[in-house]
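Everything on this sheet refers to the single structure shown next.
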There are 2 protein chains.
Amino acid sequence: MNKKQLQSEQTRKRIGDAARHLFVQKGYKATSIEEITAATGSSKGNIYYHFKSKEGLFLYLLDEWNRDWIEKWREKEHLYASAAEKMYGFAEQLVREDLNHPLTKAADEFFIGDDKTCEVEDRLAEMVAEHLAFNRMLIQEGIDSGEFRSGDPAGLAVVLEALVVGLSQMSRRSSLEQALAAYRLAIEVFLHGIAEPSAVSEPER
Amino acid sequence: MNKKQLQSEQTRKRIGDAARHLFVQKGYKATSIEEITAATGSSKGNIYYHFKSKEGLFLYLLDEWNRDWIEKWREKEHLYASAAEKMYGFAEQLVREDLNHPLTKAADEFFIGDDKTCEVEDRLAEMVAEHLAFNRMLIQEGIDSGEFRSGDPAGLAVVLEALVVGLSQMSRRSSLEQALAAYRLAIEVFLHGIAEPSAVSEPER
DNA sequence: AATAATCCTGAACTTTCGTTCAGTATCTTA
DNA sequence: TAAGATACTGAACGAAAGTTCAGGATTATT
């Protein structure tokens with residue numbers, strides 16, 4: 001590899017890392033190009049040399065993130081014996097990986113903001129669908145193995161996603177230990193609920 | 001009451017209603033004063049005559065919202081016989097009231113944005129604490145009545161809050177029926193979990 | 001009726017932020 | 001080594017948004 005190419009790749013990574021960190025921490029709009037340059041030492045123009053635009057940079061990060069996340073999961077997945085263990089492993093990776101997925105907060109700004117490009121909109125809808133599909137498969141595995149009661153996997157996938165999205169938002173200002181504890185407790189509740197098994201109650205209507 | 005005073009109160013309400021609607025729908029930063037004026041027919045200056053600033057307007061809405069929500073809850077609370085029923089009623093009010101609390105999305109922008117005033121920061125931390133206290137009390141009631149297993153009410157309050165926050169975010173683009181179904185399912189899971197009672201599994205470590 | 005108080009307008013100011021671009025430095029290639 | 005390609009700089013531009021203000025319209029007070 002060329003020295004130029006190497007350099008290019010390095011700064012790209014540098015910018016990407018700094019930008020991701022800021023996006024995750026502060027959201028999309030609240031993070032300015034100025035701040036990214038300050039965090040990298042690069043200049044404004046350099047960002048636009050390596051990335052098409054702010055949107056482009058963000059989209060690139062989303063793709064990269066998703067790829068890495070899935071890859072890491074594939075490496076670990078087989079270590080877990082049961083579906084329940086997988087759920088805890090899933091939560092742990094969510095916390096350890098970055099304490100939250102950029103998609104949860106920043107991408108939501110995209111969806112809602114008026115300035116959304118069609119390309120971005122499509123890509124984001126796709127990613128949410130992927131997330132739900134992932135969750136559904138996780139739950140389906142447990143059902144197939146007899147660990148989980150058979151029910152509505154699609155609906156439960158939404159509930160799980162909501163739990164994850166909410167936790168990432170609530171845990172943004174807490175320590176890793178606190179976050180891990182919260183996630184673990186959440187999965188525990190997701191699996192076993194909080195009600196006494198004896199006290200069966202149904203929703204009204 | 002004066003004609004002037006009445007007029008003033010009416011426009012205040014008009015501005016507040018329009019602003020709340022936009023904030024809930026689009027988030028804090030994405031909603032401009034311009035848009036609020038367009039939605040009300042009032043002028044820019046008029047908003048600043050009635051409210052100190054955009055932040056002030058938002059803070060006012062948060063307070064108002066919280067008051068109304070609590071009030072409505074107090075009216076309904078006694079109708080529910082069990083703690084479990086209360087949880088479903090709680091979820092239902094969350095959906096029906098506005099499908100999401102401004103605090104969930106817009107307020108999070110406040111917390112994270114750099115431009116936060118000290119006054120605002122304090123007020124918001126207070127409100128989150130109030131929310132968690134509310135949840136904890138709800139859970140504690142169930143524990144006291146023997147419906148819920150005794151555990152970590154504070155931790156469970158965070159899990160419940162996360163569920164609500166996440167659901168509100170996920171349900172922003174779905175119909176009322178879909179949202180209600182998702183919330184109900186979530187509460188069902190929160191109460192009973194998804195695991196087969198026979199298959200007991202613990203978190204690793 | 002006249003003066004004061006209140007409500008409201010909208011143009012202009014200021015700041016912030018994404019984006020561009022002419023120019024410089026460094027490296028590759030022929 | 002000379003010419004071209006690549007990596008980078010930072011000032012400047014333009015659009016958007018929050019805020020202010022001088023003044024007009026409406027209502028209250030004396």
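Every chain is numbered from 1, with letters handed out A, B, ... down the list of sequences. Only a predicted model underlies this, so the values are computations on that prediction, with no experimental measurement involved.
- Residue-level contact check: A:Thr31 touches the backbone only, with heavy atoms under 4.0 Å from sugar-phosphate atoms and none from bases.
- Within residues 38-48 of chain A, the residues approached by DNA chain C to less than 4.0 Å at the level of any non-hydrogen atom are A:Lys44, A:Gly45, A:Tyr48, in residue-number order.
- Among residues two or more places apart in sequence or in another chain, the side chain to side chain contact (heavy atoms under 4.5 Å, CB included) test is passed with A:Gln7 by A:Lys4.
- For the side chain to side chain donor-acceptor pair (under 3.5 Å) test, residues two or more places apart in sequence or in another chain that qualify with B:Thr11 are B:His50.
- Side-chain N/O atoms of A:His50 include one lying less than 4.0 angstrom from OP1 or OP2 on D:dC8.
- Rounded to 10°, the helix from C:dA1-D:dT30 to C:dA30-D:dT1 has 10° between the axis fitted to its first five pairs and the one fitted to its last five.
- Spacing between atom CD of B:Glu35 and atom P of D:dA16 amounts to 12 Å, rounded to whole angstrom units.
- Salt bridge present: B:Lys13 and B:Asp17 bring a charged side-chain N and a carboxylate O closer than 4.0 Å.
- Residues satisfying the side chain to side chain contact (heavy atoms under 4.5 Å, CB included) test with A:Asp63, not counting sequence neighbours, are A:Arg67, A:Arg123.
- Of the side-chain N and O atoms in B:Tyr49, none sit less than 4.0 angstrom from OP1 or OP2 of C:dC8.
- In terms of phosphate contacts, A:Thr11 brings a side-chain nitrogen or oxygen within less than 4.0 Å of OP1 or OP2 of D:dC8.
- Legend: residues meeting side chain to side chain donor-acceptor pair (under 3.5 Å) with B:Arg74, ordered by chain and number and at least two apart, are B:Glu77.
- Remark: A:Lys76 engages no residue in a side chain to side chain donor-acceptor pair (under 3.5 Å) (not counting sequence neighbours).
- Among residues two or more places apart in sequence or in another chain, the side chain to side chain donor-acceptor pair (under 3.5 Å) test is passed with B:Ser145 by B:Glu147.
- Remark: B:Gln5 pairs with B:Met1, B:Asn2 by the side chain to side chain contact (heavy atoms under 4.5 Å, CB included) rule, at least two apart or across chains.
- In this structure, the ring of B:Phe23 has its center no less than 6.0 angstrom from the ring center of B:Trp65.
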Protein-to-nucleotide contact annotation, 5' to 3' order, nucleotides 25-30 of chain D [B base; S sugar-phosphate only; - none; under 4.0 Å, heavy atom]: -BSS--
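- What separates CZ of B:Phe58 from P of D:dT19 is a distance of 14 Å, to the nearest Å.
- Counting to the nearest Å, the C1' atom of C:dC17 and the CD1 atom of A:Ile36 are 12 Å from each other.
- Qualifying side chain to side chain contact (heavy atoms under 4.5 Å, CB included) partners for A:Ala38, counting only residues two or more places apart in sequence or in other chains: none.
- The distance from the OG atom of B:Ser150 to the CG atom of B:Asp144 is 10.0 Å, given to the nearest 0.5 Å.
- Rounded to whole angstrom, the span from the CZ atom of A:Phe51 across to the C1' atom of D:dA7 amounts to 14 Å.
- To the nearest angstrom, P of C:dT28 lies 10 Å from CG of A:Leu6.
- OP1 and OP2 of C:dT16 both lie 4.0 Å or more from every side-chain N or O belonging to A:Ser32.
- Going from atom NZ of A:Lys54 over to atom P of C:dT20 covers 14 Å, rounded to whole Å.
- The distance from atom CD1 of B:Ile33 to atom P of C:dT15 is 18 Å, rounded to the nearest whole Å.
- Rounding to whole angstrom units, CD of residue A:Glu34 and P of D:dA12 are separated by 14 Å.
- Evaluation of the ring-ring contact (aromatic ring centres under 6.0 Å, His included) rule for A:Tyr48 yields no partner, not counting sequence neighbours.
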